[in-house]
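In each ligand, atom 1 is the first atom listed, and ligand 1 is the first ligand listed.
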Amino acid sequence: MCSMKTVVSVFVLVLCLHHADVLAMSSILQVSPPGENLLSSTAKDDAEKIIEAAFDTTIVYDRLAYMTDTFGPRFSGTPELERAIDWIQAAAEQEDGITVKSEPVMVPRWVRGNEYANLLVPRRKSMRILALGGSVGTNGTTLHGSVIVVSSFDDLENQKDHIRGKIVVYNQDFVSYGDTVAYRVSGAERAEAHGAIAALIRSVTPYGIQTPHTGSTHTSSIPAVSITIEDAKMFARMQARGQSMEIELYLEAHTLPDVQSRNLILEVVGSKHPDEFVVLGGHTDSWDIADGAMDDGGGAFVAWEAVRLIKTLGLRPDRTIRAVLWTNEENGARGGQAYANDHISELDKHSIALESDLGTFTPHGLSFAGSDDARAIVTAIGEKLLSGIGSGNVTGVGVGEDASYLNERGVPSGSLYTVDVRQGGDSNNPCLPFSQPPYPEFQEENFGSSAYFWYHHTAADTIDKLSPQQLQHCAATLGVFVYSIANLPSLLPR
Ligand SMILES: [Zn+2]
C-alpha cells in the first residue's frame, strides 16, 4: 500500500466513523436485518465448512513463507516478481485445480542502484537511507550540502528564504499514516520549489529502530530520500543548538522504460450467473528492499486461499468468484487500473470488490464503501456468519488502492482490516481464543499505530511477522464474505 488514494482511505476509515453513527446504524440493523433474509438456506452450514477448512491447514502460511523465502523482493519490472507470479499460477493450476487467467500489464521500472549518505559535520556518520521510489539520482556524482531541518510544511514555508541551495530534512511527527505520508509523497517537490538541492524525509512510521521506510514519491528533479526517525530527530536537536550540519549524498536511482508484468485471475465459475462477479484480491508486487510478506503477499495469498477453500470443498457459487492478484500496486497501481480498464464492460456485473492490503493480522472485518442498502446487507452477513470468529464487523468507508479503480466506477468495495495484537495483546498468543473477543478495547484510533506501519516498506517486512492462525482467519473471513455474497439473490445494490 503506498498511494495517496489508499492513504486518504485509511484516514477516512480512522477518522470518519463516529460512535454516534455506529450506534445509529446498529440500531437500524437490529430492527431490520435485510441481508439475513437474503441468505440461502445452506449459508450458515457453508460458512462453517469454509471456516473449519481454513483452520484445518497451514497451506496459506506455508506457501507465503516459501514464496517470500525463495523469490524475495518482488519489485515491479524485475524477473523475481515474474518468477513469483509464475510459481503462484503453476501452484494454483496444478495443485489446486483452479482456473487461472493471466492478463498483461505494462509496469514502471525504477532502479535503486547503489546509494549512501554520510553526515560529515559535526561528525562523520554513515546514515541508513532508502531513496524513495521514483526519486532521481545524483548524476554519478556525490552531492554535498548543508542541512536545514523543518518540522512541517508550515515550517517549510516559514523558513522558505533559507532553503535555497540546502538539503532539507523533514522531521515531521507521525500523526497517522494518512496524514503523515504527505511528506513522503510531496516533500521533495515542495522543498524543490524553494530551491532545495535534496530532501531527506523522516520515515513514515510510529516507531523506528534505525529502519528507513521507502515508498512512492512524486518525482521531482531533486533526490528524495527516506531517513530514520533517529537521524531526523538528531538533526533537529543539532539545529536547535545552532550546530551546522553537512551531508554528502550519492544515489544511482533512475527510471528505465516500462516492462510487461501481469495480473492473475483465479476463478471459480458461477453455476447460475457465470457472467456476474464477486472479486477479492491483493497485490503480488513488493518494494525492492522488502520480502513483502505483510505488504502484500499475505493479502494476495489469503485471497488465493479463499478461492482454494471454496474449490476444494466442492462449493459451487451462483456467481463467479475471482481472486485478482494485482501487479505493481506499490509504485504505479497499474495492475488495479488495468483490471478496471480491461473489464470495464463487465463492471456493472461486479457485485463487490474486496481487497486485503492493510496487513493480514487478526481480522476484525471489512471497511466498506458502497450504498447504505449494500452496507446493510454486508453488515448482516458479517453478523450472521462471522461473528462467531470475531471477524464479521463492517465499518468505516475505506477502500484499498487496487479496488479503488472499481469503486470509483460504481462497484461496492471493501477492505479487509486487521489488528496486530502487538498493539496491546499477548504476543505469545497471536490468535486469542474466539470465545474471548481478541480486542475488547479496540479503538479505531489505534489502527494508525498498528505494527503494520512498523514494518511497512522496510527490509523487516518478513514472514515471521505473521502467524499461520492469522492468515487462516483472514482466509476464512474473506471466503465466507465472497461465497455468501456470490449466492445472494441479486447483485449488491448500488
Ligand atoms: Zn500494499
Applying salt bridge (charged side-chain N to carboxylate O under 4.0 Å, His left out), can you list everything that pairs with D291, at least two apart in sequence or on another chain?
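For D291, no residue satisfies salt bridge (charged side-chain N to carboxylate O under 4.0 Å, His left out) once neighbours in sequence are set aside.
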
Residue among R308, K311, R63 satisfying salt bridge (charged side-chain N to carboxylate O under 4.0 Å, His left out) with E95
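Per the salt bridge (charged side-chain N to carboxylate O under 4.0 Å, His left out) rule, the option paired with E95 is R63, out of R308, K311, R63.
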
Provide the atom name of the closest N, O or S atom of D295 relative to the Zn ion (ligand 1).
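Result: OD1.
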
Under 2.8 Å from the Zn ion (ligand 1) - does any N, O or S atom of E401 fall there?
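E401 does not place any N, O or S atom closer than 2.8 Å to the Zn ion (ligand 1).
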
Under 2.8 Å: N/O/S of E329 next to the Zn ion (ligand 1)
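It does not: E329 brings no N, O or S atom closer than 2.8 Å to the Zn ion (ligand 1).
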
Checking ring pair (Phe, Tyr, Trp, His ring centres under 6.0 Å) between H457 and each of Y177, Y452, W287, F75, which is the one that passes?
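Only match with H457 under ring pair (Phe, Tyr, Trp, His ring centres under 6.0 Å): W287.
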
Charged tip of R319 within 45° of F277 ring normal and under 6.0 Å
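The answer is no, since R319 fails at least one limit relative to F277.
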
Which angle, to the nearest 10 degrees, do you find at the Zn ion (ligand 1) between NE2 in H283 and OD2 in D357?
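H283 NE2 and D357 OD2 form an angle of 90° at the Zn ion (ligand 1).
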
